[in-house]
Undergrad: 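Here it is, the structure, as structure tokens.
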Amino acid sequence: MEHNLGQGNVPPPGSIDKSRVLNVKPLRTLVPVFPSPSNPSSSSNPQGGAPFVCVSPSGPFPSGVAPFYPFFISPESQRLSEQNAQTAQTPAPQRVGPISAAVPINSFRTPNGDVGSSRKNSRTRGQLTDEDAYAEVQDVDAEDGTGEGRRTKQKKPRGRRPGGTAVVDLDQVANDILNSINPIVFDVLKQPDGSRDAVTYTLMIYEVMRRKLGQVEETSRDIAGAKRPDLKAGNIMMTKGIRANSKKRIGGVPGVEIGDIFFFRFELCLVGLHSPSMAGIDYIGSKTSQEEEPLAVSIVSSGGYEDNAEDGDVLIYSGQGGANREKGASDQKLERGNLALEKSLHRGNDVRVIKGLRDEAHPTGKVYVYDGLYKIQDSWVEKAKSGFNVFKYKLARLPGQPAAYMIWKSIQQWTDKTVTRTGVILPDLTSGAENLPVCLVNDVDNEKGPAYFTYSPSVKNLKPTAPLESSGGCSCTGGCQAINHNCPCIQKNGGYLQYSANGMLADLKSVIYECGPSCQCPPNCRNRISQGGLKFRLEVFKTKDKGWGLRSWDPIRAGTFICEYAGEVIDNAKVDEFSSENEDDYIFDSTRIYPQLEIFPADTEAPKIPSPLYISAKNEGNVARFMNHSCSPNVLWRPVIRENKNESDLHIAFYAIRHIPPMMELTYDYGTVLPLKGGQKKKKCFCGSAKCRGYFC
DNA sequence: TCCCATCAGAAGTAT
DNA sequence: ACTTCTGATGGGAGG
């Protein structure tokens with residue numbers, strides 16, 4: 001009977017007639033109800049900028065500024081997809097079938113600027129007090145007469161758990177983070193409508209919170225209540241109102257761009273893209289809006305069911321329910337999300353689609369790609385393998401949106417070799433010097449490649465300097481363990497392993513102490529992340545207006561190590577020589593002034609670089625030499641110190657500031673030189689970001 | 001190595 | 001109170 005299943009619009013004979021199963025009015029009035037987007041307003045948040053602070057890692061520091069390498073530099077998207085921005089925030093239109101552009105999510109709280117104060121009540125279990133947050137009455141929609149607003153629901157205090165004392169530590173950790181946030185951030189987050197800044201801030205804070213909670217938890221295993229730092233961190237953020245969009249809405253979400261990627265369901269929740277912490281269908285219920293019917297606003301397609309669409313623009317989505325583990329399988333019912341999807345089919349409203357894919361770099365994890373707006377075209381009921389009824393929905397992607405999932409699909413095809421990558425000049429620029437090939441590509445013009453240089457994956461002429469905190473190295477023969485409080489390398493990092501199990505930076509420390517040649521731990525020790533070579537399939541490509549650049553085929557999580565800056569260490573005099581010739585394009589100079597954003601100003605400590613470091617990659621270098629400058633970068637550098645026979649080897653390592661989707665150019669801030677050295681000129685900046693300084697040098 | 005089962009858990013909706 | 005599926009982990013099957 002398989003030919004009966006799920007074909008086309010009309011349920012074939014023998015299949016279940018939905019109109020009988022469900023108590024709904026008949027179907028398939030394929031009438032798109034909404035007029036085209038008409039409100040391109042508020043494309044960016046003009047006052048969203050946080051102050052720019054110039055800090056050189058080696059000082060001097062402006063008064064009142066703590067030197068700090070932020071995890072976050074400029075929240076403005078480097079992406080210039082204005083089209084995207086427009087599509088991304090098209091509110092539901094007014095005339096036909098009016099749907100409120102946004103409705104409040106159940107419990108919305110905003111911080112009042114006093115977040116994380118030391119006032120506490122007895123509510124424990126790792127839950128922060130939310131005395132500081134206030135319940136806000138929101139005027140949903142004053143125009144249609146139903147806008148009496150809805151009071152936010154107070155969360156019920158929950159019972160205390162055994163082991164409460166340990167939990168308080170987590171509270172403390174969370175409070176410390178909250179207290180260290182620049183208050184300016186909260187001004188941005190207070191806006192009921194999100195902005196690119198608000199989204200970036202939110203994700204940024206979530207990352208720090210999540211990783212820090214995880215770090216603390218694994219460092220003291222006896223601690224209670226932190227098994228899921230992703231949920232814990234999310235709960236704290238929600239409770240404190242640290243989120244980007246407080247309302248549910250149909251259509252795009254302000255500040256979220258098509259192609260944005262996420263690694264936790266809670267991230268979707270916090271930016272207002274998809275509210276349920278777990279469920280796959282988000283909808284506006286009939287009670288929370290003035291609508292009579294529930295309407296679907298977004299779905300997460302996690303690949304639990306095979307994507308049997310021919311191309312990337314059509315998606316077959318299964319309804320929810322019918323899979324209760326205790327009661328066993330059963331027929332799905334036309335209720336909740338399923339009902340909302342059905343209603344949305346008739347109403348023809350846009351539905352956001354987030355695709356959950358396997359994260360190849362972390363097989364246990366997933367990566368979620370926001371693929372933009374779809375419309376539901378069809379629905380039917382199928383018999384699943386279990387023999388029970390499952391709802392199916394066919395969704396088609398709206399045309400004219402920037403490519404998102406299609407990029408992933410292309411990369412997969414290049415990987416499979418089912419499609420040949422066009423414009424490939426060299427399959428491996430490194431000639432095998434790296435553990436992964438680095439492709440050289442030009443699909444822009446006829447240039448055959450960058451000027452000649454020798455590929456070298458490591459730094460030459462490294463001059464070990466006096467130790468900062470000599471320990472003689474560790475003796476963790478099995479690799480450094482977070483719980484080993486005696487490991488000197490962990491102690492140097494303030495008592496924590498700086499890298500999470502996934503290899504991400506767990507902290508905002510401005511210097512990273514890794515294990516070095518003196519240590520007895522193996523090369524795969526978690527405290528040697530920057531020594532393991534490339535982990536992502538990078539490619540050097542010709543940009544439109546910035547010469548050659550660097551990007552990745554793989555998605556990169558915020559905090560992940562990308563590469564080191566390789567080249568030849570040179571002395572200051574040589575730098576001046578390069579400067580006068582205006583050939584310092586390939587010099588890394590630690591003494592430059594690197595603009596930083598004070599997002600966690602209180603949390604920082606002075607970086608302790610043993611001595612100024614200059615690395616020239618002009619004649620010899622690695623992929624890092626191709627990373628272009630941006631005033632809104634997605635990558636930053638950190639000094640990494642490895643102990644070597646009681647001396648310090650200083651390396652420069654690059655880490656992702658935020659999640660970086662595949663094929664997005666990797667950039668970092670080159671900083672500025674003040675005063676300009678002899679002959680040195682400012683260079684015009686082409687980064688194109690909204691916060692571009694106009695030049696760099 | 002991959003896959004499956006397990007398990008505690010969150011928001012939001014529904015009762 | 002219920003629904004939903006997550007994300008880390010441990011065990012078992014397979015190469």
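From a predicted model like this one, the values you see are computed outputs, not experimental measurements. Residue numbers start from 1 in every chain, and the chains themselves are labelled A, B, ... in the order their sequence lines are given, proteins ahead of strands.
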Undergrad: Counting only side-chain heavy atoms from C-beta out, which of C:dT6, B:dA11, B:dT13 sits nearest to A:F266?
TA: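 Per side-chain heavy atoms of A:F266, the pick is B:dA11.
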Undergrad: Can you measure A:F264 atom CZ to B:dA11 atom P for me and round it to whole angstrom units?
TA: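 From A:F264 CZ to B:dA11 P: 16 Å.
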Undergrad: Does OP1 or OP2 of C:dA8 have a side-chain N or O of A:T364 closer than 4.0 Å?
TA: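 Checking A:T364 against C:dA8: at least one side-chain N or O falls below 4.0 Å of OP1 or OP2.
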Undergrad: I want to check a possible cation-pi pair here: A:K212 against A:Y496, using under 6.0 Å from ring centre and within 45° of the ring axis as the test.
TA: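 Judged by the rule, A:K212 and A:Y496 form a cation-pi pair.
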Undergrad: Could you list the residues that satisfy salt bridge (charged side-chain N to carboxylate O under 4.0 Å, His left out) with A:R210, not counting sequence neighbours?
TA: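 Expected list: A:E207.
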Undergrad: Just jot down the salt bridge (charged side-chain N to carboxylate O under 4.0 Å, His left out) partners of A:R528, sequence neighbours excluded, or say none.
TA: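 Partners of A:R528 by the salt bridge (charged side-chain N to carboxylate O under 4.0 Å, His left out) criterion come out as none, since no residue qualifies.
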Undergrad: Report yes if a side-chain nitrogen or oxygen of A:S277 is closer than 4.0 Å to either non-bridging phosphate oxygen (OP1 or OP2) of C:dT6; otherwise report no.
TA: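 Negative; the distance criterion is not met.
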Undergrad: Just call it for A:G280: base, sugar-phosphate, or nothing, with non-hydrogen atoms closer than 4.0 Å on any strand.
TA: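 Touches sugar-phosphate only.
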Undergrad: If you assign each of A:P363 and A:G234 to its closest nucleotide in DNA chain B, which residue comes earlier from the 5' end?
TA: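 Its nearest nucleotide lies further toward 5', so the answer is A:P363.
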Undergrad: For the rings on A:F262 and A:H659, is their centre-to-centre separation under 6.0 Å?
TA: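 Here the rings of A:H659 and A:F262 have centres that are no less than 6.0 Å from each other.
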Undergrad: With the side chain of A:K248 defined as its heavy atoms from C-beta on, choose the nearest nucleotide among C:dT4, B:dG12, B:dA11.
TA: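 Selected nucleotide (nearest to the side chain): B:dG12.
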Undergrad: With a 3.5 Å cut-off and just heavy-atom distances, do the side chain of A:R336 and the base of C:dT4 make a donor-acceptor pair?
TA: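 In this structure, the two groups form no donor-acceptor pair.
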Undergrad: Which is more 5' along DNA chain C, the nucleotide nearest A:A279 or the one nearest A:G365? Just name the residue.
TA: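 First, find each residue's nearest nucleotide; the 5'-ward one identifies A:A279.
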Undergrad: Would you kindly give the CG-to-P distance between A:L341 and C:dT4, to the nearest whole Å?
TA: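 Taking CG of A:L341 and P of C:dT4, I get 13 Å after rounding.
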Undergrad: Would you tell me if any nitrogen or oxygen in the side chain of A:Y368 comes within less than 4.0 Å of OP1 or OP2 on C:dG7?
TA: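 Indeed, a polar side-chain atom of A:Y368 lies that close.
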Undergrad: Rounded to whole angstrom units, what separation is found between the CD1 atom of A:I284 and the C1' atom of B:dA11?
TA: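 Nearest whole value for this atom pair: 16 Å.
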Undergrad: Picking from B:dA14, B:dA10, B:dG12, which would you name as closest to the side chain of A:R243?
TA: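 From the listed options, B:dG12 comes nearest.
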Undergrad: What's A:G321 touching, base or sugar-phosphate or nothing? Going by heavy atoms closer than 4.0 Å.
TA: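 Sugar-phosphate contact only.
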Undergrad: Want to settle it: does A:D282 or A:R358 sit nearer the 5' end of DNA chain B, counting the closest nucleotide to each?
TA: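 Final value for this comparison: A:R358.
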Undergrad: Just compare B:dA11, C:dG7, B:dT13 and give me whichever is closest to any side-chain atom of A:D230.
TA: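 Of all the options, the side chain of A:D230 is nearest to C:dG7.
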Undergrad: Taking CG from A:D359 and P from B:dC2, how many angstroms apart are they, rounded to a whole number?
TA: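 Nearest whole value for this atom pair: 14 Å.
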Undergrad: Classify the ring geometry between A:F264 and A:Y206 as parallel (under 30°), tilted (30 to 60°) or perpendicular (over 60°).
TA: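 Ring orientation, 0 to 90° scale: perpendicular.
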